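Down below is the structure, laid out as structure tokens.
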Amino acid sequence: MRIDVITIFPDYLNPLREALLGKAIERDRIAVGVHDLRDWTHDVHRAVDDSPYGGGPGMVMKPQVWGEALDAVCGTGEAPMPRLVVPTPAGRPFDQRTAIRWSAEPWLIFACGRYEGIDQRVIDDAATRMPVEEVSIGDYVLVGGEVAALVMIEAVARLLPGVLGNPLSAEQDSFSDGLLEGPCYTRPEVWRGHAVPDVLRSGNHAAIDRWRRDQALARTYRRRPDLLAALPEGDLDKADRAQ
Ligand SMILES: COc1cccc(COC(=O)c2cn[nH]c2)c1
């Protein structure tokens with residue numbers, strides 16, 4: 001997979017070079033390009049923003065600069081087709097399904113906006129040449145899209161073959177069955193007077209699987225009842241309903 005990020009703060013993306021992702025990049029599982037939006041300005045102040053039409057607070061990112069940056073990064077439309085992702089509070093919610101869908105993409109480009117946002121015509125114009133998704137990582141406002149891009153890139157990259165140590169855990173992680181992960185334990189058996197639940201040391205794997213499912217259901221019911229409501233009918237087997 002190729003990932004490009006366009007931003008006015010390229011150093012914000014340095015964490016991509018660390019640890020897990022750093023290894024994946026070294027092994028050429030992922031090619032990451034980070035581009036400074038200001039490289040496509042032509043004025044002495046290297047301006048990327050201007051006042052909003054219609055008035056109101058803050059500034060809007062200029063279309064010309066973004067247009068030239070995207071033209072340069074996307075190239076002349078040669079294969080493969082990139083998918084443009086714009087992190088924004090006004091976007092569709094990003095979730096594990098989105099991460100899984102994007103992990104099959106050959107090329108993702110993240111446009112990191114700041115200020116009040118990017119002139120809408122940049123998105124509308126790009127959408128005439130490639131798929132564009134305006135995506136939110138949560139209902140709060142950040143200063144810029146860079147941190148959101150890091151979140152989404154990590155969620156996608158960990159699904160790629162050879163990026164994670166243990167490929168199995170990507171399948172079994174939270175949300176893979178639509179529920180929250182239950183509690184987990186490791187040694188010692190008793191720590192500060194807190195013992196590990198006996199079932200987990202019983203060696204009875206049917207009982208362990210049942211206990212884990214019960215814990216996941218209970219936690220999901222308490223913390224995210226919306227996820228329960230979203231489960232396909234058949235997913236809750238009759239043993240679950242006995243809860
Ligand atoms: C593109 O326009 C804007 C405008 C304002 C902030 C941002 C950065 O993204 C977020 O704040 C965000 C993303 N998901 N949840 C919050 C982008």
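Model, not experiment: these values are computed from the prediction. Read the numbers this way: they start at 1 and go in the same order the structure lists the ligands and their atoms.
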Quiz item: To the nearest 0.1 Å, how far is atom 5 (C) of ligand 1 from its closest protein heavy atom, and which atom is that?
Solution: Y115 O, 3.7 Å
Quiz item: Does the N or O separation between I118 and ligand 1 drop below 3.5 Å for any pair?
Solution: no
Quiz prompt | From V151, I137, L142 - option closest to atom 6 (C) of ligand 1 by heavy atom | solution = L142
Self-check item: Under-4.0 Å salt bridge between R83 and E133
Solution: yes
Quiz item: Which is closest to atom 3 (C) of ligand 1 by heavy-atom distance: C112, G117, P93?
Solution: G117
Quiz item: Is D209 paired with R213 through a side-chain N to carboxylate O contact shorter than 4.0 Å?
Solution: no
Practice problem: Provide, to 0.1 Å, the distance between atom 10 (C) of ligand 1 and the closest protein heavy atom, together with that atom's residue and name. | Solution: P89 CD, 3.5 Å
Quiz item: Is V143 in polar range of ligand 1, meaning some N or O pair under 3.5 Å apart?
Solution: no
Self-check item: Between D71 and W40: side-chain donor-acceptor atoms closer than 3.5 Å
Solution: no
Practice problem: Kindly check if the number of other-residue, nucleotide or ligand heavy atoms within 6.0 Å of CZ (R2) is above 12? | Solution: yes
Practice problem: Ignoring hydrogens and angles, state whether a donor on the side chain of E68 or H42 is under 3.5 Å from an acceptor on the partner side chain. | Solution: yes
Quiz prompt | Close-contact set for ligand 1 against V141 heavy atoms, below 4.0 Å | solution = 11 (O)
Quiz item: What about G138: any of its N or O atoms under 3.5 Å from an N or O on ligand 1?
Solution: yes
Exercise. Assess F94 for proximity to ligand 1: is some non-hydrogen atom of it under 4.0 Å away?
Key: no
Quiz item: CG/L200 to CH2/W211 distance, rounded to the nearest 0.5 angstrom?
Solution: 4.5 Å
Quiz item: Do R201 and E189 sit within salt-bridge range, that is, some charged N less than 4.0 Å from a carboxylate O?
Solution: yes
Quiz prompt | Sub-4.0 Å heavy-atom contact, E116 with ligand 1 | solution = yes
Exercise. Using a strict 4.0 Å cut-off to heavy atoms of G145, name the atoms of ligand 1 that fall inside it.
Key: 8 (C)
Quiz item: Do E134 and T88 have side-chain N/O donor and acceptor atoms under 3.5 Å apart?
Solution: no
Practice problem: Within a distance under 4.0 Å of any heavy atom of G144, pick out the atoms of ligand 1 and give their elements. | Solution: 8 (C)
Practice problem: Could you tell me how the ring of F94 sits relative to the ring of W102: parallel (under 30°), tilted (30 to 60°) or perpendicular (over 60°)? | Solution: tilted
Quiz item: In terms of atom number and element, which parts of ligand 1 are under 4.0 angstrom from non-hydrogen atoms of S136?
Solution: 14 (N), 15 (N)
Quiz item: When you measure from the centre of the six-membered ring of Y12, is the NZ or CZ of R114 under 6.0 Å away and within 45° of the axis?
Solution: yes
Quiz item: For atom 1 (C) of ligand 1, which of P87, G58, A90 has the closest heavy atom?
Solution: P87
Exercise. May I ask you to identify the nearest protein heavy atom to atom 16 (C) of ligand 1, giving residue, atom name and distance to one decimal place in Å?
Key: Y140 O, 3.0 Å
